[in-house]
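Letters A, B, ... mirror the listed sequences (proteins, then strands); counts begin at 1.
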Amino acid sequence: DTAVSQTPKYLVTQMGNDKSIKCEQNLGHDTMYWYKQDSKKFLKIMFSYNNKELIINETVPNRFSPKSPDKAHLNLHINSLELGDSAVYFCASSQVVGLAGVLKRSYNEQFFGPGTRLTVL
Amino acid sequence: AQKITQTQPGMFVQEKEAVTLDCTYDTSDQSYGLFWYKQPSSGEMIFLIYQGSYDEQNATEGRYSLNFQKARKSANLVISASQLGDSAMYFCAMREVHSGAGSYQLTFGKGTKLSVIP
(Lines give C-alpha, C1' and ligand atoms only; values in the text may rest on other atoms or scores of the structure.)
Protein backbone atom coordinates (compact mmCIF):
# COMPACT_ATOMS: atom_id res chain seq x y z
CA ASP A 1 0.00 0.00 0.00
CA THR A 2 1.32 3.41 -0.93
CA ALA A 3 1.59 5.67 2.10
CA VAL A 4 2.27 9.01 0.41
CA SER A 5 1.71 9.29 -3.31
CA GLN A 6 2.39 12.11 -5.72
CA THR A 7 1.33 12.71 -9.28
CA PRO A 8 2.82 13.22 -11.71
CA LYS A 9 6.26 11.72 -11.16
CA TYR A 10 7.71 13.79 -14.00
CA LEU A 11 6.48 17.14 -15.26
CA VAL A 12 8.01 18.97 -18.21
CA THR A 13 6.51 22.30 -19.14
CA GLN A 14 7.19 25.65 -20.74
CA MET A 15 8.07 28.81 -18.90
CA GLY A 16 5.02 30.87 -18.04
CA ASN A 17 2.64 27.92 -17.74
CA ASP A 18 0.56 27.03 -14.68
CA LYS A 19 0.83 23.52 -13.28
CA SER A 20 -0.27 21.47 -10.29
CA ILE A 21 1.23 18.58 -8.39
CA LYS A 22 -1.05 16.36 -6.38
CA CYS A 23 -0.27 14.62 -3.11
CA GLU A 24 -2.30 12.12 -1.14
CA GLN A 25 -1.55 10.22 2.05
CA ASN A 26 -3.45 7.25 3.43
CA LEU A 27 -1.76 7.20 6.82
CA GLY A 28 -4.37 9.24 8.63
CA HIS A 29 -1.77 11.89 9.44
CA ASP A 30 -2.92 15.38 10.32
CA THR A 31 -0.02 17.37 8.89
CA MET A 32 1.33 17.45 5.35
CA TYR A 33 4.34 19.22 3.90
CA TRP A 34 5.93 20.31 0.65
CA TYR A 35 9.69 20.33 0.26
CA LYS A 36 11.81 21.48 -2.67
CA GLN A 37 15.06 19.76 -3.58
CA ASP A 38 17.28 21.83 -5.83
CA SER A 39 19.90 20.70 -8.31
CA LYS A 40 22.48 20.53 -5.54
CA LYS A 41 20.26 18.10 -3.62
CA PHE A 42 19.46 20.64 -0.93
CA LEU A 43 16.04 20.03 0.64
CA LYS A 44 14.07 22.94 2.00
CA ILE A 45 10.62 23.19 3.53
CA MET A 46 8.09 25.17 1.53
CA PHE A 47 4.75 24.69 3.25
CA SER A 48 2.95 22.60 5.76
CA TYR A 49 -0.75 22.17 6.43
CA ASN A 50 -2.33 21.09 9.69
CA ASN A 51 -6.08 20.58 9.80
CA LYS A 52 -6.48 22.63 6.64
CA GLU A 53 -4.57 25.55 8.06
CA LEU A 54 -1.30 26.80 6.68
CA ILE A 55 1.21 26.50 9.46
CA ILE A 56 4.50 27.32 7.81
CA ASN A 57 5.05 29.45 4.79
CA GLU A 58 8.72 29.89 4.10
CA THR A 59 9.96 32.64 1.82
CA VAL A 60 8.62 31.13 -1.37
CA PRO A 61 7.18 33.20 -4.19
CA ASN A 62 3.44 33.70 -4.07
CA ARG A 63 3.28 31.96 -7.44
CA PHE A 64 3.31 28.82 -5.32
CA SER A 65 0.10 28.04 -3.50
CA PRO A 66 -0.74 24.94 -1.51
CA LYS A 67 -4.32 23.76 -1.51
CA SER A 68 -5.74 21.16 0.83
CA PRO A 69 -9.26 19.95 -0.02
CA ASP A 70 -9.16 17.57 2.95
CA LYS A 71 -6.79 16.15 5.52
CA ALA A 72 -5.48 13.47 3.16
CA HIS A 73 -4.56 15.77 0.29
CA LEU A 74 -2.19 18.67 -0.16
CA ASN A 75 -1.78 19.87 -3.72
CA LEU A 76 0.78 22.36 -4.95
CA HIS A 77 -0.20 24.89 -7.58
CA ILE A 78 2.46 26.86 -9.40
CA ASN A 79 1.61 29.84 -11.58
CA SER A 80 3.78 31.48 -14.21
CA LEU A 81 6.51 28.89 -14.03
CA GLU A 82 10.10 30.09 -14.22
CA LEU A 83 13.32 28.30 -15.12
CA GLY A 84 14.43 28.43 -11.50
CA ASP A 85 11.42 26.40 -10.44
CA SER A 86 13.00 23.31 -11.96
CA ALA A 87 13.57 20.95 -9.04
CA VAL A 88 12.26 17.84 -7.37
CA TYR A 89 9.26 18.51 -5.15
CA PHE A 90 8.53 16.16 -2.28
CA CYS A 91 5.32 15.84 -0.38
CA ALA A 92 5.49 14.44 3.16
CA SER A 93 3.14 13.78 6.03
CA SER A 94 3.40 13.23 9.76
CA GLN A 95 1.22 12.82 12.80
CA VAL A 96 1.74 15.72 15.12
CA VAL A 97 0.74 15.53 18.72
CA GLY A 98 0.97 17.81 21.69
CA LEU A 99 3.99 18.22 23.84
CA ALA A 100 3.29 15.05 25.77
CA GLY A 101 4.04 12.95 22.74
CA VAL A 102 6.52 15.18 21.01
CA LEU A 103 9.48 13.12 22.05
CA LYS A 104 8.30 9.91 20.48
CA ARG A 105 9.70 8.93 17.13
CA SER A 106 6.39 7.68 15.86
CA TYR A 107 4.94 11.13 16.31
CA ASN A 108 7.77 12.84 14.53
CA GLU A 109 8.73 10.75 11.55
CA GLN A 110 7.83 12.31 8.26
CA PHE A 111 6.87 9.95 5.47
CA PHE A 112 7.89 11.20 2.06
CA GLY A 113 6.27 10.72 -1.29
CA PRO A 114 8.33 9.55 -4.27
CA GLY A 115 8.92 13.10 -5.50
CA THR A 116 7.93 14.99 -8.65
CA ARG A 117 10.70 16.10 -10.96
CA LEU A 118 9.65 19.41 -12.50
CA THR A 119 11.54 20.65 -15.53
CA VAL A 120 10.77 24.11 -16.87
CA LEU A 121 11.99 24.77 -20.40
CA ALA B 1 23.01 30.43 10.01
CA GLN B 2 23.08 26.83 8.98
CA LYS B 3 21.37 24.67 11.55
CA ILE B 4 22.45 21.29 10.26
CA THR B 5 26.01 20.82 9.06
CA GLN B 6 27.26 17.82 7.18
CA THR B 7 30.91 18.44 6.48
CA GLN B 8 31.53 15.46 4.21
CA PRO B 9 30.20 16.05 0.68
CA GLY B 10 31.37 12.57 -0.32
CA MET B 11 32.63 9.45 1.40
CA PHE B 12 34.01 6.14 0.22
CA VAL B 13 33.91 2.90 2.19
CA GLN B 14 34.97 -0.63 1.43
CA GLU B 15 32.22 -3.21 1.36
CA LYS B 16 31.72 -4.89 4.76
CA GLU B 17 33.52 -2.08 6.57
CA ALA B 18 31.86 0.39 8.95
CA VAL B 19 31.49 4.07 8.10
CA THR B 20 30.56 7.17 10.09
CA LEU B 21 28.73 10.08 8.50
CA ASP B 22 29.08 13.32 10.44
CA CYS B 23 26.30 15.67 11.44
CA THR B 24 26.34 18.65 13.78
CA TYR B 25 23.36 20.79 14.61
CA ASP B 26 22.49 24.08 16.20
CA THR B 27 19.37 24.75 18.21
CA SER B 28 18.30 26.55 21.34
CA ASP B 29 15.35 24.21 21.87
CA GLN B 30 15.51 21.77 24.75
CA SER B 31 13.25 19.34 22.97
CA TYR B 32 14.14 18.38 19.45
CA GLY B 33 14.54 15.38 17.23
CA LEU B 34 17.25 14.28 14.87
CA PHE B 35 16.71 12.14 11.81
CA TRP B 36 18.72 10.45 9.14
CA TYR B 37 17.28 9.82 5.70
CA LYS B 38 18.74 7.89 2.79
CA GLN B 39 18.17 8.94 -0.80
CA PRO B 40 19.28 6.36 -3.37
CA SER B 41 19.76 7.26 -7.01
CA SER B 42 16.11 6.38 -7.63
CA GLY B 43 15.24 9.52 -5.67
CA GLU B 44 12.94 8.44 -2.86
CA MET B 45 13.55 9.56 0.71
CA ILE B 46 13.92 6.62 3.08
CA PHE B 47 13.77 7.10 6.83
CA LEU B 48 16.65 5.37 8.64
CA ILE B 49 16.82 6.37 12.27
CA TYR B 50 15.57 8.87 14.84
CA GLN B 51 17.04 10.27 18.07
CA GLY B 52 15.07 12.35 20.52
CA SER B 53 16.92 14.98 22.49
CA TYR B 54 15.92 13.39 25.78
CA ASP B 55 16.77 9.85 24.76
CA GLU B 56 19.53 8.65 27.04
CA GLN B 57 20.58 5.80 24.83
CA ASN B 58 21.86 6.05 21.29
CA ALA B 59 19.31 4.94 18.74
CA THR B 60 19.92 1.78 16.76
CA GLU B 61 18.05 0.30 13.80
CA GLY B 62 19.64 -2.84 12.40
CA ARG B 63 22.97 -1.88 10.85
CA TYR B 64 22.36 1.80 11.57
CA SER B 65 23.24 3.48 14.83
CA LEU B 66 23.28 7.09 15.83
CA ASN B 67 26.20 8.38 17.87
CA PHE B 68 24.46 11.15 19.79
CA GLN B 69 26.68 13.54 21.71
CA LYS B 70 24.40 16.20 23.06
CA ALA B 71 27.05 18.46 24.58
CA ARG B 72 28.87 18.55 21.25
CA LYS B 73 25.61 18.86 19.35
CA SER B 74 26.53 16.03 17.07
CA ALA B 75 24.45 13.16 15.74
CA ASN B 76 26.68 11.01 13.60
CA LEU B 77 25.29 8.06 11.66
CA VAL B 78 27.23 4.83 11.85
CA ILE B 79 26.60 2.17 9.23
CA SER B 80 28.12 -1.18 10.08
CA ALA B 81 29.04 -3.88 7.55
CA SER B 82 28.49 -1.64 4.51
CA GLN B 83 26.74 -3.13 1.52
CA LEU B 84 26.75 -2.06 -2.12
CA GLY B 85 23.13 -1.05 -1.72
CA ASP B 86 24.15 1.52 0.88
CA SER B 87 25.55 3.74 -1.88
CA ALA B 88 23.32 6.80 -1.74
CA MET B 89 22.94 10.35 -0.45
CA TYR B 90 22.45 10.56 3.29
CA PHE B 91 20.72 13.50 4.91
CA CYS B 92 20.75 14.53 8.53
CA ALA B 93 17.71 16.52 9.61
CA MET B 94 16.41 18.20 12.73
CA ARG B 95 12.84 18.58 13.82
CA GLU B 96 12.06 21.95 15.30
CA VAL B 97 8.89 22.86 17.08
CA HIS B 98 6.98 25.58 15.34
CA SER B 99 5.79 27.86 18.08
CA GLY B 100 2.10 27.89 18.78
CA ALA B 101 1.18 25.34 16.19
CA GLY B 102 1.17 21.63 15.60
CA SER B 103 3.61 21.39 12.77
CA TYR B 104 7.18 20.24 13.04
CA GLN B 105 9.22 21.08 10.02
CA LEU B 106 12.43 19.28 9.20
CA THR B 107 15.59 21.25 8.51
CA PHE B 108 18.02 19.28 6.39
CA GLY B 109 21.77 19.28 5.99
CA LYS B 110 23.32 19.38 2.55
CA GLY B 111 23.89 15.65 2.52
CA THR B 112 26.77 13.23 2.18
CA LYS B 113 27.16 11.04 -0.86
CA LEU B 114 28.32 7.62 0.24
CA SER B 115 29.93 5.25 -2.24
CA VAL B 116 30.52 1.65 -1.25
CA ILE B 117 33.42 0.03 -3.07
CA PRO B 118 33.30 -3.71 -3.77
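In terms of heavy atoms, B:Leu106 sits closest to A:Ile45 at O-CB, 4.5 Å. Closest non-hydrogen pair, A:Gln37 versus B:Phe91, comes out as NE2-CZ, 3.5 Å.
Remark: B:Lys16 NZ is loosely packed, at most 12 non-hydrogen atoms of other residues, nucleotides or ligands lying under 6.0 Å away. Within a 6.0 Å sphere centred on NZ of B:Lys73, other residues, nucleotides and ligands contribute more than 12 heavy atoms.
With respect to chain A, the highest number of heavy-atom pairs below 4.5 Å among B:Met45, B:Lys113, B:Glu44 belongs to B:Met45.
Linking Ile, Leu, Val, Met, Phe, Trp and Tyr residues whenever their side-chain heavy atoms come within less than 4.5 Å leaves A:Val88 and A:Tyr10 in two separate clusters. Put simply, A:Val60 and A:Leu118 are part of the same group of oily side chains (I, L, V, M, F, W, Y) that touch within less than 4.5 Å, one to the next. Cluster membership check: B:Leu84 does not share its hydrophobic cluster with B:Ile46, using side-chain heavy-atom separations under 4.5 Å among Ile, Leu, Val, Met, Phe, Trp and Tyr. Residue A:Tyr89 is not grouped with residue A:Leu121 when hydrophobic side chains (ILVMFWY) are merged at heavy-atom distances under 4.5 angstrom, including chains of intermediate members.
Only the side chain of B:Met89 comes within less than 4.5 Å of a heavy atom of chain A; its backbone N, CA, C and O stay farther away. In this structure, no portion of B:Gln51 lies under 4.5 Å from any heavy atom of chain A.
Separation of atoms CZ (A:Phe112) and CD (B:Gln39) is listed at 9.5 Å; rounding is to 0.5 Å. Note: B:Phe47 CZ to A:Phe111 CZ = 8.0 Å, rounded to the nearest 0.5 Å.
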